[in-house]
Protein chains: 2
Amino acid sequence: MKIPITVATDSAEPLYYQIEVQLRALILSGQLPEGTLLPSIREFAQDVACSVITIRRVYQDLENEGILRTKQGTGTFVASVGAGVRESYRTDAVLAAMKEAVATGLRVKCTEDELRGLFEQALKEVSGEA
Amino acid sequence: MKIPITVATDSAEPLYYQIEVQLRALILSGQLPEGTLLPSIREFAQDVACSVITIRRVYQDLENEGILRTKQGTGTFVASVGAGVRESYRTDAVLAAMKEAVATGLRVKCTEDELRGLFEQALKEVSGEA
DNA sequence: CCTACTGTGTATATCTATATGTACAGTATA
DNA sequence: TATACTGTACATATAGATATACACAGTAGG
């Protein structure tokens with residue numbers, strides 16, 4: 001099982017964090033179905049060209065979040081979470097980021113309509129990149 | 001000149017960062033007009049109960065951003081920037097945060113309408129807090 | 001039951017961010 | 001020009017984040 005992850009070694013973002021963000025997204029978007037056996041930490045570490053311990057940290061963090069399940073000697077799997085729970089996991093991060101953006105706007109006295117305009121602009125520009 | 005800043009010493013946010021965010025917002029929203037003389041670093045440090053050097057860092061960071069102007073022996077002032085430049089300063093941070101939120105959403109395969117819904121929810125919840 | 005694979009725990013190196021004290025230098029004005 | 005205020009430079013302490021090696025422990029299958 002090869003996981004499509006891309007890391008930028010020159011990025012300011014820490015390695016473990018880049019991996020977490022991408023792996024989390026793969027799981028929450030359903031691209032890695034529940035029960036999927038992930039690569040062993042050693043195999044994954046080979047792929048990313050990093051230490052085993054960095055991968056271990058990723059797996060452990062995501063397990064603490066409840067989206068992975070790990071068993072010593074056997075491997076690490078995508079956890080089974082109810083559809084409702086998964087859906088809220090999926091949107092929680094997005095909603096939090098939205099709130100942050102809105103709060104930033106309110107601090108500099110943006111009106112609601114102004115915020116809507118900025119949101120639409122962001123939507124257009126980010127979609128365009130893809 | 002007393003600056004209305006509130007810091008949470010127990011917050012995970014670094015002290016200098018809390019001060020920067022609030023001071024920047026006060027300037028960009030026009031609550032501190034161009035030319036305003038800010039408190040001396042020692043006076044301000046007294047207020048916040050922190051080191052002079054922490055305030056110095058804040059002033060220096062905001063000077064590098066171009067919204068403060070500082071002169072040794074005299075003091076630190078709100079810089080004069082053109083209205084257009086100020087307006088973009090004002091919305092740049094908000095737009096960047098919006099893009100971040102949208103990108104987070106796209107990673108977990110949110111549709112555009114779903115993102116709009118989350119934005120409106122964020123707007124409602126954050127406005128409600130105030 | 002042994003071998004070859006899983007994950008785990010401990011100890012540690014390294015670097016960066018945060019925050020500070022103190023002595024120095026420029027400026028204004030009484 | 002002396003004094004009392006501005007900001008500045010330098011050296012440094014501390015804590016936390018990031019990443020690592022290596023020896024240990026559980027599991028499954030030939």
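As a basis for the values below, the full set of heavy atoms in this structure was taken, side chains included, without hydrogen atoms, waters or symmetry mates. Keep in mind that what you see is a predicted model, and the values were worked out from it rather than measured. The chains referred to below are lettered A, B, ... by the order of the sequence lines, with proteins before strands, and numbering in each begins at 1.
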| message | Hydrogens and angles aside, do A:Gln22 and A:Gln18 bring a side-chain donor and acceptor to less than 3.5 Å of each other? | response | no
| query | Any salt bridge between B:Glu63 and B:Lys71, counting N to O under 4.0 Å? | reply | no
| Option passing salt bridge (charged side-chain N to carboxylate O under 4.0 Å, His left out) with B:Lys99 (candidates A:Glu100, A:Glu120, A:Glu125) | A:Glu125
| remark: Rounded to whole Å, OH of A:Tyr17 lies from P of D:dA19 at a distance of 13 Å
| request: Could you state the atom-to-atom distance from CD of A:Gln46 to P of D:dT20 in whole Å? | output: 13 Å
| query | Can you check the B:Leu68 CG to D:dT8 P distance for me, whole Å? | reply | 11 Å
| said: What's the closest nucleotide to the side chain of A:Tyr16 if the choices are D:dT6, D:dA19, C:dT18? | reply: D:dA19
| message | In this structure, how many angstroms lie between the P atom of D:dA19 and the CD atom of A:Glu20, rounded? | response | 11 Å
| said: Can you see if the side chain of B:Arg57 gets near the phosphate of C:dA19 - specifically, an N or O under 4.0 Å from OP1 or OP2? | reply: no
| If we only count heavy atoms from C-beta on, is the B:Phe119 to A:Leu123 side-chain gap below 4.5 Å? | no
| Below 4.5 Å, heavy atoms only, C-beta onward: do B:Leu32 and B:Leu23 meet side chain to side chain? | yes
| message | Measure CD/A:Glu43 against P/C:dC5 and give the value in whole Å, please. | response | 11 Å
| task | Would you indicate whether the side-chain heavy atoms of A:Cys50 and A:Ile55 approach each other to under 4.5 Å? | result | yes
| Going by atom types only, do A:Ser11 and A:Glu13 share a side-chain donor-acceptor pair under 3.5 Å? | no
| Nearest-Å distance for atom pair CZ/P, residues B:Phe44 and C:dT20 | 14 Å
| How many angstroms lie between CZ in B:Arg42 and OG in B:Ser51, if you round to the nearest 0.5 Å? | 10.5 Å
Dump every N/O contact between nucleotides 25-27 of chain C and the protein below 3.5 Å, one line per pair.
| residue | atom | partner | partner atom | Å |
| --- | --- | --- | --- | --- |
| C:dA25 | N3 | B:Gln72 | NE2 | 2.9 |
| C:dG26 | O4' | B:Gln72 | NE2 | 3.3 |
| C:dG26 | N2 | B:Gly73 | O | 3.3 |
| C:dT27 | O3' | B:Thr74 | OG1 | 3.4 |

| task | Starting at atom CD of B:Gln18, determine the distance to atom P of C:dT18, rounded to an integer number of angstrom. | result | 11 Å
| request: Grab the CZ-P distance between B:Arg69 and D:dT6 for me, whole Å please. | output: 17 Å
| field | Salt-bridge criterion met for B:Glu112 and B:Arg116 (N-O under 4.0 Å) | value | yes
| request: May I ask you to verify if any side-chain N or O of B:Ser40 is less than 4.0 angstrom from the OP1 or OP2 atom of D:dT6? | output: yes
| query | Contacts to DNA chain C from residues 49-56 of chain B, heavy-atom cutoff under 4.0 Å, which residues? | reply | B:Cys50, B:Ser51, B:Ile53, B:Thr54
